[in-house]
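Here's the structure, in structure tokens; my notes come after.
Just so we're clear, the structure is a prediction, and the values are computed from it rather than from any experiment.
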Amino acid sequence: MILLLALLSVLSGELGLCRKEDEGFTFDGDIRQFVVTPNMLYIATEERLYQLSHDLTLINSLTQRGIIKTGNQQDDVQFYRVSDTAEWNATFSINVLLPFTKNDSLISCGVTDDDCGHCEILDLKNISKLLHREHIQVGPLKRSSRSVSFLVDVKKKTQADTYILTAIQQNTKKPENNKCGINRQTVNLQDADDKQGGGIFSLTDGASGTPGIKSKGDVEFVDGFQINSTIYLFSNALSAQINRVRLIWLEGEKSKTDTLKSLRGATLSVSDSQSSRLVASSVIPGEQPVLWSGVFSVDGGDTDTQLMVFDISPDYSRNTDRDPDFYTSVPSEVTPKILKPKAVLFRQSYMTSVLAVRQNAWMVFYIWTEDGLLIKLSVDRKYHAACPTVLYRTSDDHKVFFKLHLDPVGHKHVYVPFTNQVKRVPVSKCSTYTNVQECWSAQDPYCGWCGSKSSCTFEDDCTDSDWLSIPDESQHKMISHKVEKDTNGQISLKIHTHLTLGQKVSSDFTCQFSAISGHLCIGNNPPRFPQCTCYLSDHTLPPDGLHVTVKFRLGKILLSEQMKLTNCSDIHGPPTSILCQQCIKAGCGWSRNSCSWANQGETDESVCQTLESGKNFSIPEIFSITPNVVSLYGTNHAVLLGHNLGDVSGVRIQTHTDCAPKESPVWDNSGVSVTFHIPSTDIKGVVNVCVLLPDGSCHGEANITYLSSPSCTNATPSSSWISGNRKITVRGSHLKFVEGIVHSHAMQEVALPKNSSYQIKYGSRTVSLSKPRPSSHLLLLLLLLIPCVIAVLVFMYLWRKRRATEITFKVSFLSLLAD
């Protein structure tokens with residue numbers, strides 16, 4: 001028996017495990033700089049410089065430790081990198097990392113431990129090969145995400161010279177250490193190689209001296225880039241406690257001096273608040289006009305952030321070198337041009353990074369939030385956004401490095417850099433959609449239905465041209481219909497497919513109409529993608545409607561749609577919102593407060609929003625919701641308190657303005673309180689709540705805040721005895737949302753302590769593990785061992801009492817086994 005108990009104790013002493021995230025490439029030290037080229041990734045951390053392939057395979061790694069040597073002359077100071085095991089007295093911290101691809105070199109500049117600038121030129125294909133080193137300042141001396149640097153081309157008569165543009169943060173309260181006697185201006189141009197005449201890293205511009213742009217007050221730079229000959233610089237300029245989001249245009253022509261003196265400026269106005277600031281930036285690829293996206297903090301904090309689109313095409317009509325914040329010689333008190341956003345695309349708390357790309361006619365934005373969400377937002381050419389999707393979510397709110405990059409090989413992954421790690425996240429998961437409707441409804445410009453594979457794929461994964469995708473503009477239905485009637489009384493059914501197809505497939509487009517009643521269409525009306533028309537043989541429709549089936553063929557792809565046709569004039573009654581919606585869903589039109597044929601009225605359901613419901617309900621009010629802060633999983637049995645709730649049939653939760661809201665049924669309604677379930681969601685943030693009446697109208701206003709789901713990091717102690725009742729402490733994040741704990745192998749639910757003081761303390765929870773229920777293999781073991789133990793006891797007893805113990809034991813043992 002002792003052996004058996006010990007065996008059971010060992011079998012039940014399984015370790016408590018917490019789920020871990022999939023690991024990316026982890027670096028030694030925090031990331032300082034991160035750049036991507038068509039062939040490689042380069043990451044500078046506090047300790048090392050890494051060269052990775054696009055699949056995050058390590059190619060090279062260099063230590064940033066070394067020694068500083070002083071030459072014969074006073075200013076002859078150099079930093080020499082040493083091996084990982086050698087002695088060192090200095091560290092090279094990289095603040096500027098620029099791949100000079102046409103020169104096959106990697107420019108890395110920063111500061112050493114003597115607080116002086118240092119630069120190295122490395123071989124782009126093999127960073128272990130040093131091409132040049134120099135103790136000189138290029139860019140900021142301080143580690144700062146509020147300074148930017150990039151390469152620009154300046155067109156001259158016969159060639160274009162490449163320079164390093166550095167825009168350095170200016171802070172009058174915390175100026176940079178000028179220990180080495182170098183005074184950089186706010187915006188500088190330095191030679192990227194030794195072919196321009198002044199020598200590599202030179203600031204001079206021949207006889208023109210050393211040009212530069214100064215700033216009137218404090219300034220933080222957010223982003224910069226060049227398109228054709230125009231250079232764009234974005235910054236937050238702080239003056240007299242007022243922040244202005246500024247855009248500078250420069251023309252890269254003739255010389256350094258001419259380029260810097262060509263500055264023109266504009267102010268980006270996003271709200272009436274004087275504290276709004278630019279958080280992140282990304283230009284939208286494409287031709288004219290130049291479109292650009294920015295994440296703005298509207299209130300100056302982190303909670304109210306919005307993604308906006310601007311037309312930032314340069315204005316050449318204004319005078320150069322006349323701006324209130326930036327100047328080359330003297331400041332000028334002029335009023336800059338004001339730019340207003342073309343659209344506000346997305347509102348989400350804590351947005352910190354954005355990356356914009358083009359996919360066919362759509363704009364796709366990858367957005368990172370401070371609380372650990374990578375969100376993809378697809379937007380059509382009219383700035384209508386599809387529902388946002390979450391591509392990646394951290395388990396414990398990791399902060400991300402401020403830049404996102406698209407994998408240039410295949411464009412199917414986004415690089416997401418964390419504090420000391422980089423992950424490679426797919427831009428879409430097309431294969432998760434199992435049929436044509438799901439693939440289309442995802443409204444993902446990367447995904448389409450491949451006819452040859454009968455699956456949802458990327459376009460380049462479909463070997464033939466039968467690839468069906470979403471149209472250039474956002475649509476709510478894949479197939480829509482309209483019922484029209486002309487002046488001669490001819491009724492027609494017009495079908496419109498909201499799809500994008502290859503040229504070969506669109507020419508192989510057929511439609512077939514059928515009805516139970518028999519012959520449906522008259523005349524020969526060949527379909528023309530994306531539309532087909534059926535002229536009904538009868539000039540009237542049956543009183544109870546006509547059921548029609550339409551079959552489509554698009555290359556190898558077959559689709560079908562069923563609908564019921566109703567005489568539009570038969571849809572009548574008081575002009576209510578319900579009747580209007582019924583009319584338009586039937587393919588008819590709404591005109592003069594009544595239902596008419598589609599060609600005689602409005603066919604957009606938005607026209608119904610202005611109509612009354614037609615029923616006399618008391619308008620409900622919402623006072624409070626408990627709880628109003630939940631995890632992404634939502635919660636059960638939430639309680640809503642309010643007034644006039646007796647007619648409430650459901651609770652609507654609007655997670656995003658352009659997405660279908662989620663509706664939760666009412667489980668209990670007392671007239672002053674309503675019990676309902678708060679559904680799960682993918683995106684953290686504040687959502688709007690209203691209560692539904694039977695007529696479909698929604699009233700009242702309240703908010704629910706979704707925060708990160710609970711995450712477990714460890715459990716101590718990690719084992720328990722079989723008798724249970726051992727206190728286990730589970731540590732993690734957002735544990736206040738935990739309602740219960742399940743442990744295995746028995747998969748038994750564990751109750752939390754009733755005393756609330758034990759439920760959460762410093763991100764941990766303590767629970768008592770009760771005695772686990774035996775699992776199936778333990779029950780089997782008991783069934784086999786217990787008869788054997790009983791048989792042994794019987795054998796010992798019979799041995800002492802009788803001679804025929806052997807025979808009796810065999811009989812008893814077999815009987816026990818049979819039982």
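Proximity of a side-chain donor or acceptor of Arg393 to a complementary backbone N or O of Leu374 within less than 3.5 Å is not detected. Under the 3.5 Å distance criterion, the side-chain polar atoms of Thr57 are left unmatched by any main-chain donor or acceptor of Ser53. For Glu120 (side chain) and Ser108 (main-chain N/O), no donor-acceptor pair under 3.5 Å exists by modelled atom type. No donor-acceptor distance shorter than 3.5 angstrom exists from the side chain of Asn420 to the backbone of Asp28, with no hydrogens or angles considered. A distance-only check finds no donor-acceptor pair linking the side chain of Ser215 to the backbone of Val219 [under 3.5 Å]. Formation of a donor-acceptor pair under 3.5 Å by the Thr305 side chain with backbone atoms of Met351 is found in this model. A donor-acceptor distance shorter than 3.5 angstrom exists from the side chain of Asn126 to the backbone of Ser128, with no hydrogens or angles considered. A donor-acceptor pair is defined here as one N or O able to donate and one able to accept, closer than 3.5 Å; no such pair exists between the side chain of Asn228 and the backbone of Thr230.
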side-chain contact (heavy atoms from CB on, under 4.5 Å) between Ile200 and His132, worked out:
CA-CA 10 Å; Ile200 192 168; His132 177 80; 3.5 Å; yes
Under the salt bridge (charged side-chain N to carboxylate O under 4.0 Å, His left out) rule, what do Glu220 and Arg277 come out as? Steps first, then yes or no, please.
CA-CA 10 Å; Glu220 299 173 353; Arg277 60 186 177 87; 5.8 Å; no
Determine, step by step, whether Gln421 and Thr26 satisfy the side-chain hydrogen bond (donor to acceptor under 3.5 Å, both in side chains) criterion, reporting the C-alpha distance in whole Å, the side-chain angles of both residues, the deciding distance to 0.1 Å, and the verdict.
CA-CA 4 Å; Gln421 189 180 81; Thr26 303; 3.1 Å; yes
Go through it in stages, so that I can follow the logic: the residues are Lys412 and Asp461, the test is salt bridge (charged side-chain N to carboxylate O under 4.0 Å, His left out), and I'd like the CA-CA distance, side-chain angles, deciding distance and then a yes or no.
CA-CA 12 Å; Lys412 293 182 180 179; Asp461 292 334; 3.2 Å; yes
Leu122 vs Leu130, test: side-chain contact (heavy atoms from CB on, under 4.5 Å). Steps then yes/no.
CA-CA 5 Å; Leu122 307 175; Leu130 178 67; 3.6 Å; yes
Do Arg65 and Asp84 pass the salt bridge (charged side-chain N to carboxylate O under 4.0 Å, His left out) test, and can you show the C-alpha distance, the side-chain angles, and the key distance before you say yes or no?
CA-CA 8 Å; Arg65 296 175 177 177; Asp84 291 325; over 6 Å; no
Going through the checks in order, is the side-chain hydrogen bond (donor to acceptor under 3.5 Å, both in side chains) test met by Arg146 and Ser235?
CA-CA 9 Å; Arg146 297 176 177 88; Ser235 64; over 6 Å; no
Please evaluate residues Asn103 and Asp193 with respect to the criterion side-chain contact (heavy atoms from CB on, under 4.5 Å), reporting the C-alpha separation (whole Å), side-chain torsions for both, the decisive distance (0.1 Å), and the verdict.
CA-CA 9 Å; Asn103 209 28; Asp193 54 36; 4.2 Å; yes
What verdict does the salt bridge (charged side-chain N to carboxylate O under 4.0 Å, His left out) test give for Lys403 and Asp223, after you've listed the backbone C-alpha separation in whole Å, the side-chain angles of each residue and the deciding distance to 0.1 Å?
CA-CA 10 Å; Lys403 276 288 186 181; Asp223 197 9; 3.5 Å; yes
Residue pair Val222, Val279: steps toward the side-chain contact (heavy atoms from CB on, under 4.5 Å) verdict:
CA-CA 7 Å; Val222 179; Val279 177; over 6 Å; no
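The environment of NZ in Lys129 is sparse: at most 12 heavy-atom neighbours from other residues, nucleotides or ligands sit within 6.0 Å. For CD of Glu87, the number of neighbouring non-hydrogen atoms (other residues, nucleotides, ligands) closer than 6.0 Å is 12 at most.
Between Tyr415 and Phe34, the angle of the ring planes goes over 60°, which puts this pair in the perpendicular group of the 30/60° scheme. By the 30° and 60° cut-offs, the orientation of the rings of Tyr446 relative to Tyr366 is tilted.
Under the 4.5 Å side-chain criterion, counting only non-hydrogen atoms from C-beta, Leu307 is in contact with Ser293. In this structure, Asp205 and Thr210 have side chains that are not in contact, with every pair of non-hydrogen atoms separated by 4.5 Å or more. Taking the side chain as every heavy atom from C-beta outward, Thr328 and Lys214 never approach each other to under 4.5 Å. Inter-residue side-chain proximity for Gln190 and Thr166 is flagged as met; some heavy-atom pair is nearer than 4.5 Å. Proximity of Glu134 to Phe201: side-chain heavy atoms (C-beta onward) are separated by under 4.5 Å at one or more points. Residues Leu233 and Leu247 form no side-chain contact, since every pair of their non-hydrogen atoms from C-beta on lies 4.5 Å or further apart. For the pair Asn95/Arg32, a side-chain contact is recorded, criterion being any heavy-atom separation below 4.5 Å from C-beta on. Residues Lys429 and Leu391 are not in side-chain contact: their nearest non-hydrogen atoms beyond the backbone lie 4.5 Å or more apart.
Thr204 and Lys256 get closest at one heavy-atom pair: O-NZ, 3.0 Å. Closest approach of Val96 and Gly139 over heavy atoms only: CG2-CA, 4.1 Å. In plain terms, the two heavy atoms of Ala356 and Ile284 that are nearest each other are CB-CG1, 3.9 Å. Nearest heavy-atom pair, Phe150 versus Gln226, reported as atom, atom and distance to 0.1 Å: CE1-N, 4.3 Å. Residue Pro99 comes nearest to Leu151 through the heavy atom pair O-CD1, 3.7 Å, listed as atom of the first residue, atom of the second, then distance. The heavy-atom pair separating Thr257 from Pro211 by the smallest distance is OG1-CG, 3.6 Å.
Checking each of Tyr232, Phe225, Phe234 against Trp292 for a ring pair (Phe, Tyr, Trp, His ring centres under 6.0 Å) leaves exactly one that passes, namely Phe234. Evaluated for a side-chain contact (heavy atoms from CB on, under 4.5 Å) with Val152, the options Leu189, Thr162, Ile164 yield exactly one hit, Leu189. The side chain to side chain donor-acceptor pair (under 3.5 Å) with Ser61 is formed by just one residue from the set Glu47, Arg48, Gln51; it is Arg48.
Interatomic distance, CG of Asp113 versus OG1 of Thr91, reported as 4.5 Å (0.5 Å rounding). Taken from CD1 in Ile59 to CG in Leu56, the straight-line distance is 10.5 Å, to the nearest 0.5 Å. If you take NE2 on His118 and CD1 on Ile68, they are separated by 9.0 Å, rounding to the nearest 0.5 Å. Of the inter-residue distances, the one linking Leu263 atom CG with Ile213 atom CD1 reads 4.5 Å to the nearest 0.5 angstrom.
With hydrogens and angles left out, the side-chain atoms of Ser147 and Gln169 include no donor and acceptor closer than 3.5 Å. With hydrogens and angles left out, the side-chain atoms of Gln78 and Lys69 include no donor and acceptor closer than 3.5 Å. In this structure, a donor-acceptor pair under 3.5 Å is present between the side chains of Ser428 and Asp444.
In this structure, the ring of Phe418 has its center less than 6.0 angstrom from the ring center of Trp368. Between Tyr50 and Tyr42, the distance separating the two ring centers is not shorter than 6.0 angstrom. For His135 and Phe79, the distance between ring centers is not under 6.0 angstrom.
No cation-pi contact links Lys376 to Phe365, judged by a cut-off of 6.0 Å to the six-membered ring centre and 45° from its axis.
Of the charged side-chain nitrogens involved, none lies within less than 4.0 Å of a carboxylate oxygen, so that Arg424 and Asp55 do not count as a salt-bridged pair. Remark: Asp325 engages Arg246 in a salt bridge, criterion side-chain N to carboxylate O under 4.0 Å.
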